[in-house]
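Inspection log for the structure reproduced underneath, given as structure tokens.
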Amino acid sequence: MAQRVAASDGGTKRSSSSRVRVAVRLRPYMCKPDEKGEGPCVRGLDSQNLEIINWRNATETVKYHFDVFHGEQTSQQEVFLASVKPILPHILNGQNASVFAYGPTGAGKTHTMLGSSEQPGVIPRAVCEVFKLVKAKDVDEGWDYSIGMSYLEIYNEKVLDLLSPGSQDLPIREDKDKNILIPGLTHMAISSFSDYEKHFIPASLNRTTASTKLNQRSSRSHAILLIKVVRTQRALPHRQQTGKLYLVDLAGSEDNRRTGNQGIRLKESGAINLSLFTLSKVVDSLNAGTAVRVPYRDSKLTRLLQDSLGGSAHSVMITNIAPEYKYYFDTFSALNFAAKSKLIVNKPFTQETVAVPALPVKRPREDREAGGSGI
Ligand code: ADP
Ligand code: MG
């Protein structure tokens with residue numbers, strides 16, 4: 001990534017501002033008592049680099065470089081401070097921002113975004129911070145602020161309002177200023193963090209309950225929290241600016257053809273999750289920094305995020321990965337997605353490194369499915 005940062009710093013304003021920052025978070029190794037410990041197949045090297053065993057040649061690893069790498073010891077607070085907090089002041093100035101958690105089911109997306117009451121994630125921390133930033137605004141600057149929220153889900157290319165259960169698929173529209181809107185979506189004004197919780201907690205519980213009934217629906221849908229900050233100038237002409245923050249827990253990036261679900265196969269055929277697939281194309285074209293068409297309109301998720309992803313918006317993708325061998329191919333494809341245009345170095349796996357017991361050399365199953373681009 002060092003190369004790309006240098007290139008965009010020296011390049012046009014658009015290419016530097018439209019990049020999506022990519023952070024990778026590796027969750028701790030979790031070995032069930034009845035499983036034999038195979039050790040991790042991926043490990044961090046430093047705050048920007050990690051390596052994964054090369055299945056084609058077990059004496060090698062593939063090294064990836066990202067904007068940020070969060071190792072398994074990284075706390076929720078550290079993830080928030082490094083990847084999310086810096087973009088929040090912009091939404092008080094009428095700019096848009098988006099934060100996504102990407103990665104296979106089980107790799108830590110919900111932990112990162114939502115967390116638990118003991119270890120709150122990005123969402124509660126960001127909401128808290130937005131209230132703090134608004135409170136700290138100097139009255140003399142002459143603006144009044146109001147905060148609101150919406151909470152929705154995209155499932156099978158349907159946009160569903162999670163604050164109004166039972167509602168139908170909602171349309172996505174664009175106004176004359178190219179702002180994206182969803183007519184009919186519930187918007188709740190919130191004046192405190194507990195106000196936010198009052199609306200959010202029951203809605204997310206609803207979603208969890210529904211998802212168990214609908215066979216792990218949550219791993220195939222995108223949950224999207226929108227925090228909107230509107231500021232109005234106190235003096236004439238009462239100018240108004242709206243900043244939007246999207247906090248997104250994406251559908252699992254695992255290859256469903258491999259896990260083999262007949263229902264999904266029938267319903268969604270080739271493109272298992274059109275929105276996720278299109279998101280990868282959008283992030284790719286944004287980060288390639290060239291004048292290629294960004295295919296926002298090809299899916300609901302990217303259409304919805306069109307004014308908050310790329311362009312003048314501030315976007316961060318946190319790619320969650322798991323260290324166990326059973327995730328190997330999903331980890332590999334998540335890393336290749338996240339790092340497509342980044343520095344990939346083949347590094348001989350030295351004898352010294354092979355000897356480290358925590359990273360045993362083992363050829364994963366399902367060789368055929370590796371989809372390994374670049375190695
Ligand atoms: P996903 O939403 O990607 O399917 P989850 O967030 O549900 O994954 O994480 C799977 C499991 O791993 C959960 O039990 C979660 O608590 C745990 N977990 C994920 N990330 C971490 C982490 N960084 N530290 C500790 N536990 C984690
Ligand atoms: Mg989840």
Verify salt bridge (Lys or Arg N to Asp or Glu O under 4.0 Å) between Lys281 and Asp284, making sure each step is shown before the conclusion.
CA-CA 5 Å; Lys281 290 198 288 186; Asp284 252 9; over 6 Å; no

Hey, does [Y] have a side-chain heavy atom less than 4.5 Å from the side chain of [X]?
X      : Y      : answer
Met30  : Glu324 : yes
His314 : Gln95  : yes
Gln119 : His111 : yes
Val248 : Tyr102 : no
Lys63  : Asn49  : yes
Gln48  : Phe66  : no
Val42  : Ile321 : yes
Pro295 : Val282 : yes

Can you hop from [X] to [Y] via hydrophobic side chains spaced under 4.5 Å?
X      : Y      : result
Val316 : Leu50  : no
Leu226 : Leu163 : no
Trp143 : Leu88  : yes
Leu309 : Ile91  : no
Leu279 : Leu152 : yes

Would you check, one step at a time, whether the test side chain to side chain contact (heavy atoms under 4.5 Å, CB included) holds for Ile52 with Leu335?
CA-CA 10 Å; Ile52 181 166; Leu335 291 174; 4.3 Å; yes

Under the side-chain hydrogen bond (donor to acceptor under 3.5 Å, both in side chains) rule, what do Glu157 and Ser299 come out as? Steps first, then yes or no, please.
CA-CA 7 Å; Glu157 292 301 286; Ser299 78; 4.8 Å; no

Side chains of His90 and Asn96: do they bring a donor and an acceptor to under 3.5 Å?
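Note: His90 and Asn96 side chains miss the donor-acceptor criterion.
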
Assess the side chains of Glu78 and Ser75: does a donor N or O sit below 3.5 Å from an acceptor N or O?
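Glu78 vs Ser75: donor-acceptor pair found between side chains.
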
Can you tell me how far apart [atom1] ([X]) and [atom2] ([Y]) are? Round to the nearest 0.5 Å.
X      : Y      : atom1 : atom2 : result
Arg25  : His70  : CZ    : NE2   : 7.5 Å
Lys158 : Ser221 : NZ    : OG    : 12.5 Å
Asp140 : Lys137 : CG    : NZ    : 12.5 Å
Ile123 : Asp249 : CD1   : CG    : 6.5 Å
Ser191 : Ile147 : OG    : CD1   : 8.5 Å
Leu45  : His65  : CG    : NE2   : 11.5 Å

Taking [X] for its side chain and [Y] for its backbone only, find out whether a donor-acceptor pair lies under 3.5 Å.
X      : Y      : answer
Tyr246 : Val99  : no
Ser275 : Leu301 : yes
Ser98  : Ser308 : yes
Thr302 : Tyr296 : yes
Asp177 : Asn179 : no
Glu153 : Ile224 : no
Asp169 : Val159 : yes
Asn320 : Gly108 : yes
Ser164 : Ser167 : no

Of all the heavy-atom pairs spanning [X] and [Y], show the shortest one and how long it is.
X      : Y      : value
Asn273 : Arg220 : ND2-O, 3.1 Å
Met113 : Ala101 : CG-CB, 3.5 Å
Thr232 : His238 : CG2-O, 4.1 Å

Passes side-chain hydrogen bond (donor to acceptor under 3.5 Å, both in side chains), Asp161 versus Thr186? Steps please.
CA-CA 7 Å; Asp161 188 344; Thr186 309; 2.6 Å; yes

Does the pair Phe337 and Met317 meet the rule for a side chain to side chain contact (heavy atoms under 4.5 Å, CB included), with working shown?
CA-CA 11 Å; Phe337 163 42; Met317 185 173 75; 3.8 Å; yes

Ion pair present between [X] and [Y], side-chain N to carboxylate O less than 4.0 angstrom?
X      : Y      : value
Arg125 : Glu129 : no
Arg297 : Glu174 : yes
Asp67  : Arg19  : yes

Please indicate whether Glu141 has more than 12 foreign heavy atoms, meaning atoms of other residues, nucleotides or ligands, lying under 6.0 Å from its CD.
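Yes, because the 6.0 Å sphere around CD of Glu141 holds more than 12 heavy atoms from other groups.
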
If you count every heavy atom of other residues, nucleotides or ligands that lies below 6.0 Å from Gln168 atom CD, does the total exceed 12?
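Atom CD in Gln168 is not packed in, count stays at 12 or less.
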
Can you see whether Tyr327 has Arg27 sitting over its ring - NZ or CZ less than 6.0 Å from the centre and within 45° of the normal?
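Yes, a cation-pi geometry holds between Arg27 and Tyr327.
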
As a quick check of understanding, evaluate side chain to side chain contact (heavy atoms under 4.5 Å, CB included) for Val134 and Leu92, giving each step before the final call.
CA-CA 7 Å; Val134 166; Leu92 273 67; 3.9 Å; yes

Checking Asn336 against Tyr64 for the side-chain hydrogen bond (donor to acceptor under 3.5 Å, both in side chains) test, could you report, in this order, the C-alpha distance in whole Å, the side-chain angles of both residues, the deciding distance, and whether it holds?
CA-CA 9 Å; Asn336 283 333; Tyr64 289 86; 2.7 Å; yes

For the residue pair Tyr151 and Phe200, categorise the inter-ring angle as parallel (less than 30°), tilted (30 to 60°) or perpendicular (more than 60°).
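Tyr151 and Phe200: tilted rings.
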
Give the C-alpha distance, both sets of side-chain angles, the deciding distance and a yes or no for salt bridge (Lys or Arg N to Asp or Glu O under 4.0 Å) between Asp307 and Lys178.
CA-CA 7 Å; Asp307 62 0; Lys178 305 238 176 266; over 6 Å; no

With a 6.0 Å cut-off on the ring centroids, do Tyr196 and Phe193 count as close?
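Tyr196 vs Phe193: aromatic centres under 6.0 Å.
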
Could you check Arg293 against Ser285 for side-chain hydrogen bond (donor to acceptor under 3.5 Å, both in side chains), going step by step and ending with a plain yes or no?
CA-CA 7 Å; Arg293 185 185 78 97; Ser285 32; over 6 Å; no

With Phe69, which of Leu26, Val22, Asp46 fulfils side chain to side chain contact (heavy atoms under 4.5 Å, CB included)?
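The option that passes is Leu26.
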
Quick one: do Ile182 and Arg173 satisfy side chain to side chain contact (heavy atoms under 4.5 Å, CB included)? Show the steps, please.
CA-CA 6 Å; Ile182 302 185; Arg173 306 238 191 276; over 6 Å; no

